[in-house]
Amino acid sequence: MKTRFTNLKSNPAPAPASWLRQPRFVLSAAILALSAICAPAQPQNHAQMHMEPPPTPPGPIYQAESTKKMAALLQKAFRDMDWKADPSKQAERVPYYQALLAKGLTPPNEVLVRLEMAREMLRVGNSEDAVHALEDLRSWARQKNITLPPQAEHDLGEWLALSWLRLGEQENCAHNHGQRSCIFPIRGSGIHQLPRGAQGAVREFSALLAKDPNDDQSRWLLNVAYMQLGRYPQDVPKPWLIPAALFDSEQKFPEFPDIAMLAGVDITSHAGGVILEDFDGDGLLDILVTSSGPLDQMHLFHNQGDGTFKDVTQQSGLVGEVGGLNVVETDYNNDGHPDLLVLRGGWWRKYGHYPLSLLRNNGNGTFDDVTEAAGLLSVGPTQAAAWADFDNDGWLDLFVGYESTPEDPNPSKLFHNNHDGTFTEMAAPLGLAQLGFVKGVAWGDYNNDGRPDLYISILNGNNRLFRNDGPVSGSAFWKFTDVTAQAGVANPQHSFATWFFDYDNDGWPDIFAAGYSTENVRDVGAFEMGKPYTADTPRLYHNNHDGTFSDVTHAVHLDRAILTMGANFGDLDNDGWLDIYLGNGDSTYQALLPNRMFRNADGKDFRDITTAGGFGHLQKGHAIAFGDLENTGFEDVFEEMGGALPGDTFMSALYHNPGNTNRWVTLILQGVQTNRAAYGARIDLTISESGHRRHIFRTVGYGSSFGGNPLRQHIGIGRATEVEHIEVTWPTSKTTQHFAHIKPNQTYRIREGEDSLKTVPLPLTPPK
């Protein structure tokens with residue numbers, strides 16, 4: 001006789017982004033109750049089971065005493081987090097479940113524990129163990145003649161399918177990584193040579209669809225698995241086939257091959273940040289990458305000038321600077337050397353109470369952690385911060401957006417630069433402290449009055465636009481006014497990366513805000529198949545020049561991405577119009593969807609060129625940066641890859657720009673009265689193409705909230721044979737410089753107050 005039970009409350013698979021609203025890593029109440037009955041021991045060798053930082057490359061080590069102190073603080077913060085609930089400690093919970101099972105449980109409780117143990121194995125990256133655990137559960141139920149409740153049966157099948165799918169990705173895309181690994185649509189060398197993972201996924205997703213033909217998530221992932229086997233579209237059962245035409249690009253575009261392996265920057269990471277910048281002043285852009293695992297070492301890759309990069313982390317003084325979901329650039333002390341701000345603990349709520357780090361560039365190839373000395377040492381979950389000289393005194397100030405909830409309040413902070421290497425916090429009296437769950441921060445002068453305004457992207461609430469109204473007459477008080485309602489820029493309600501940029505070159509900064517939510521795990525499949533979905537899409541707000549904005553997202557065809565995390569903009573083809581790359585995904589393995597590239601068509605609309613350009617990476621796309629890494633005059637694209645779960649790591653991607661015949665100029669601005677890095681300086685280029693005159697506008701320093709482009713301004717000018725006129729407006733001195741008849745395809749330095757441009761000869765990477 002079969003055993004039946006219907007009161008089993010299996011912990012359901014977390015819906016995409018659900019862990020952002022309610023932590024799903026905490027042991028369920030039912031399982032905690034079992035621990036009181038069975039009294040299992042805490043995991044064996046608990047202290048030895050913490051994540052270990054990855055090895056750093058050999059070589060001489062430089063590490064300032066202040067950096068050693070921060071490293072010890074970060075290690076202690078991780079050790080002190082409760083293993084039962086810390087989202088980074090799945091590995092420590094597996095032995096807990098094994099101990100529970102060893103004690104002997106009732107059938108309903110055994111199913112509950114076995115399911116959760118397998119989930120934790122998958123989350124920590126032990127995909128094969130998860131497969132075995134779930135297959136064992138299925139066999140155990142048959143042997144015991146137990147009929148699982150429908151939800152438990154579905155959960156088992158779904159998680160088994162995901163475990164097989166992830167195993168295939170690990171064995172092929174990660175362990176046997178190639179140039180086309182995980183690039184959608186999967187073809188050629190991207191097809192899996194070790195097929196067992198994809199075969200298992202096909203089998204399990206087919207079984208799920210046989211029970212529920214309307215399961216959009218399983219249908220989408222089934223088609224992906226068939227692609228991995230090289231059997232798409234011919235072998236996909238017709239009722240479940242997704243037509244290949246749905247994935248076609250909207251125009252022809254050259255392929256940007258992923259050369260990260262060839263360049264030596266295919267670092268395996270969790271979700272993290274990136275900055276492209278010339279950190280040592282040799283004229284070549286270097287790459288700095290962070291990873292959000294609490295003990296993940298950040299890495300600095302020095303550009304060798306031959307198409308390859310060398311990891312110089314140890315000799316740069318960065319050893320011990322671990323973790324960091326995001327990193328942003330600055331020159332806080334006006335010495336001309338790019339400094340770093342590392343942001344930690346994002347998404348983890350009370351388990352994300354880590355300090356940020358301010359890393360001073362010493363100008364000799366090394367960095368020192370000066371967080372405490374600068375007065376910035378505080379803890380709280382954040383990934384969002386931006387620099388600007390909000391009072392135009394010539395020194396960069398800092399706004400940090402913290403993730404605050406009623407259960408874990410963390411007010412945001414505005415740090416005013418004291419001009420001596422220290423900062424004074426002043427957010428509360430300016431009305432900038434109590435903002436909610438902040439996920440993105442951007443400065444930009446939306447009303448062109450010379451003062452940077454502040455846009456805040458907030459999860460589960462209205463975004464906020466604060467107009468900078470300047471000093472209050474007769475006092476030292478500064479005024480920011482919330483103009484969100486008037487401006488019409490409150491959506492999306494669940495937003496993430498954001499920025500100001502002038503997408504249509506009309507001289508007025510527009511606003512981009514990414515959407516990041518879904519109410520149903522099937523939304524990913526539904527979206528990719530062109531079916532109705534509930535997820536938020538991005539918003540593009542066009543500046544109306546009168547203090548208001550119009551939502552033009554649908555009109556310009558940008559409402560075609562969901563679950564956008566890392567995101568940035570640049571000019572792929574040197575036509576002078578800023579294109580957009582969106583890194584998509586979320587914390588779950590179900591969220592396997594291509595990252596998307598959109599080409600700006602003359603400021604009128606955006607064309608999806610994802611598959612034509614080879615940009616449709618299926619792994620989690622986090623921080624993105626555009627930059628000319630070879631000084632050839634064309635911007636490459638670096639994408640930091642990997643997810644939030646301990647087992648969801650992947651290699652970064654570097655998309656190489658093949659170039660074209662369009663021309664360009666690169667401008668390096670140096671402030672004198674304005675801050676040295678020239679944050680907030682406005683550039684207006686006038687060019688003529690085929691008898692048509694037009695303007696191209698750029699602003700220094702105000703970039704994406706999740707990805708760091710270099711401060712040097714690479715500006716495509718299309719087929720123009722010269723730049724007729726360059727106008728630079730400086731925010732502190734309120735002066736404007738004018739330069740005429742500039743030759744293209746060169747780099748120039750512009751110093752505030754000087755009348756002439758200076759040509760800067762940059763080292764050119766030899767052609768391959």
Side-chain angles (χ1 to χ4, degrees), residues 251-256 276 278 283-285 307 501-507 568-581 597-604 606-607 609 613 625-637 655-669 681-700 709-728 737-750 756-768:
Q251 67 176 79
K252 292 182 179 180
F253 202 78
E255 183 176 1
F256 281 48
L276 303 188
D278 180 7
L284 294 161
L285 295 177
F501 74 149
D502 189 354
Y503 81 90
D504 59 349
N505 282 322
D506 67 353
N568 215 327
F569 57 90
D571 187 354
L572 295 174
D573 52 3
N574 279 353
D575 65 353
W577 304 95
L578 292 171
D579 312 305
I580 293 177
Y581 190 37
M597 182 71 82
F598 296 96
R599 178 180 177 269
N600 187 337
D602 300 337
K604 298 173 183 175
F606 287 82
R607 313 281 174 83
I609 56 169
F626 289 69
D628 181 4
L629 292 170
E630 297 179 337
N631 288 338
T632 57
F634 298 93
E635 290 188 304
D636 310 297
V637 183
Y655 303 102
H656 178 256
N657 194 325
N660 59 27
T661 58
N662 285 343
R663 300 179 179 89
W664 53 274
V665 293
T666 296
L667 303 180
I668 302 173
L669 272 61
R682 291 169 53 84
I683 302 169
D684 176 1
L685 269 65
T686 305
I687 64 169
S688 291
E689 289 181 289
S690 304
H692 174 67
R693 178 172 291 178
R694 67 183 175 100
H695 292 264
I696 301 172
F697 295 92
R698 297 288 187 270
T699 302
V700 179
N709 291 349
L711 291 178
R712 64 173 70 164
Q713 297 297 298
H714 176 91
I715 307 174
I717 60 171
R719 299 188 179 278
T721 57
E722 70 168 5
V723 178
E724 295 181 5
H725 183 258
I726 296 177
E727 178 180 294
V728 178
Q737 292 170 276
H738 300 270
F739 309 95
H741 305 299
I742 310 303
K743 293 181 180 179
N745 298 350
Q746 295 191 47
T747 299
Y748 300 95
R749 186 183 306 278
I750 299 177
S756 61
L757 292 173
K758 293 184 178 179
T759 304
V760 179
L762 297 180
L764 182 66
T765 298
K768 296 181 180 62

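Fair warning: this is a prediction, and the values are worked out from it, not measured in the lab.
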Any donor-acceptor pair under 3.5 Å from [X] side chain to [Y] backbone:
{"X": "Gln713", "Y": "Leu667", "answer": "no"}
{"X": "Asn631", "Y": "Gly283", "answer": "yes"}
{"X": "Asn505", "Y": "Gly576", "answer": "yes"}
{"X": "Asp579", "Y": "Asn600", "answer": "yes"}

Closest heavy-atom contact between [X] and [Y]?
{"X": "Gly603", "Y": "Asp504", "value": "O-CB, 3.9 Å"}
{"X": "Val665", "Y": "Lys743", "value": "CG1-O, 3.8 Å"}
{"X": "Asn568", "Y": "Ala625", "value": "ND2-CA, 4.0 Å"}
{"X": "Glu255", "Y": "Pro658", "value": "O-CG, 3.6 Å"}
{"X": "Val700", "Y": "Ile683", "value": "CG2-CD1, 4.2 Å"}

Checking [X] now: which residues fulfil side chain to side chain contact (heavy atoms under 4.5 Å, CB included) with it, not counting sequence neighbours?
{"X": "Glu722", "value": "Glu724, His741"}
{"X": "Asn657", "value": "Phe256, Phe634, Asp636"}
{"X": "Glu727", "value": "Asp684, His725, Thr729, Thr736, His738"}
{"X": "Asn745", "value": "Arg663, Trp664"}

Legend entry - Non-neighbouring partners of Glu689 that pass salt bridge (charged side-chain N to carboxylate O under 4.0 Å, His left out), sequence neighbours left out: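 By the salt bridge (charged side-chain N to carboxylate O under 4.0 Å, His left out) rule, Glu689 matches Arg694.
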
How far does [atom1] of [X] sit from [atom2] of [Y], to the nearest 0.5 angstrom?
{"X": "Ile687", "Y": "Ile715", "atom1": "CD1", "atom2": "CD1", "result": "10.0 Å"}
{"X": "Leu629", "Y": "Thr765", "atom1": "CG", "atom2": "OG1", "result": "8.5 Å"}
{"X": "Leu711", "Y": "Leu285", "atom1": "CG", "atom2": "CG", "result": "10.0 Å"}
{"X": "Arg698", "Y": "His714", "atom1": "CZ", "atom2": "NE2", "result": "9.0 Å"}
{"X": "Glu635", "Y": "Asn574", "atom1": "CD", "atom2": "CG", "result": "7.5 Å"}
{"X": "Arg607", "Y": "Phe253", "atom1": "CZ", "atom2": "CZ", "result": "12.0 Å"}

Less than 4.5 Å apart, any side-chain heavy atom of [X] and any of [Y]?
{"X": "Asp575", "Y": "Arg599", "result": "yes"}
{"X": "Leu762", "Y": "Leu284", "result": "no"}
{"X": "Tyr748", "Y": "Thr759", "result": "yes"}
{"X": "Tyr581", "Y": "Tyr655", "result": "yes"}
{"X": "Arg712", "Y": "Asp628", "result": "no"}

Inset, instruction - Can you spot which of Val723, Leu757, Leu685 makes a side chain to side chain contact (heavy atoms under 4.5 Å, CB included) with Phe739? - result: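 Looking at Val723, Leu757, Leu685, the match for Phe739 under the side chain to side chain contact (heavy atoms under 4.5 Å, CB included) is Leu757.
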
Inset, instruction - In sequence, state the C-alpha distance, the side-chain angles, and the governing distance for Phe626 and Leu572, and then conclude on side-chain contact (heavy atoms from CB on, under 4.5 Å). - result: CA-CA 8 Å; Phe626 289 69; Leu572 295 174; 3.6 Å; yes

Legend entry - Sole residue of Phe598, Phe501, Phe606 in ring pair (Phe, Tyr, Trp, His ring centres under 6.0 Å) with Phe569: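 Per the ring pair (Phe, Tyr, Trp, His ring centres under 6.0 Å) rule, the option paired with Phe569 is Phe501, out of Phe598, Phe501, Phe606.
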
Legend entry - side-chain hydrogen bond (donor to acceptor under 3.5 Å, both in side chains) partners of Gln737, counting only residues at least two apart: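 Gln737: side-chain hydrogen bond (donor to acceptor under 3.5 Å, both in side chains) contacts with Trp730.
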
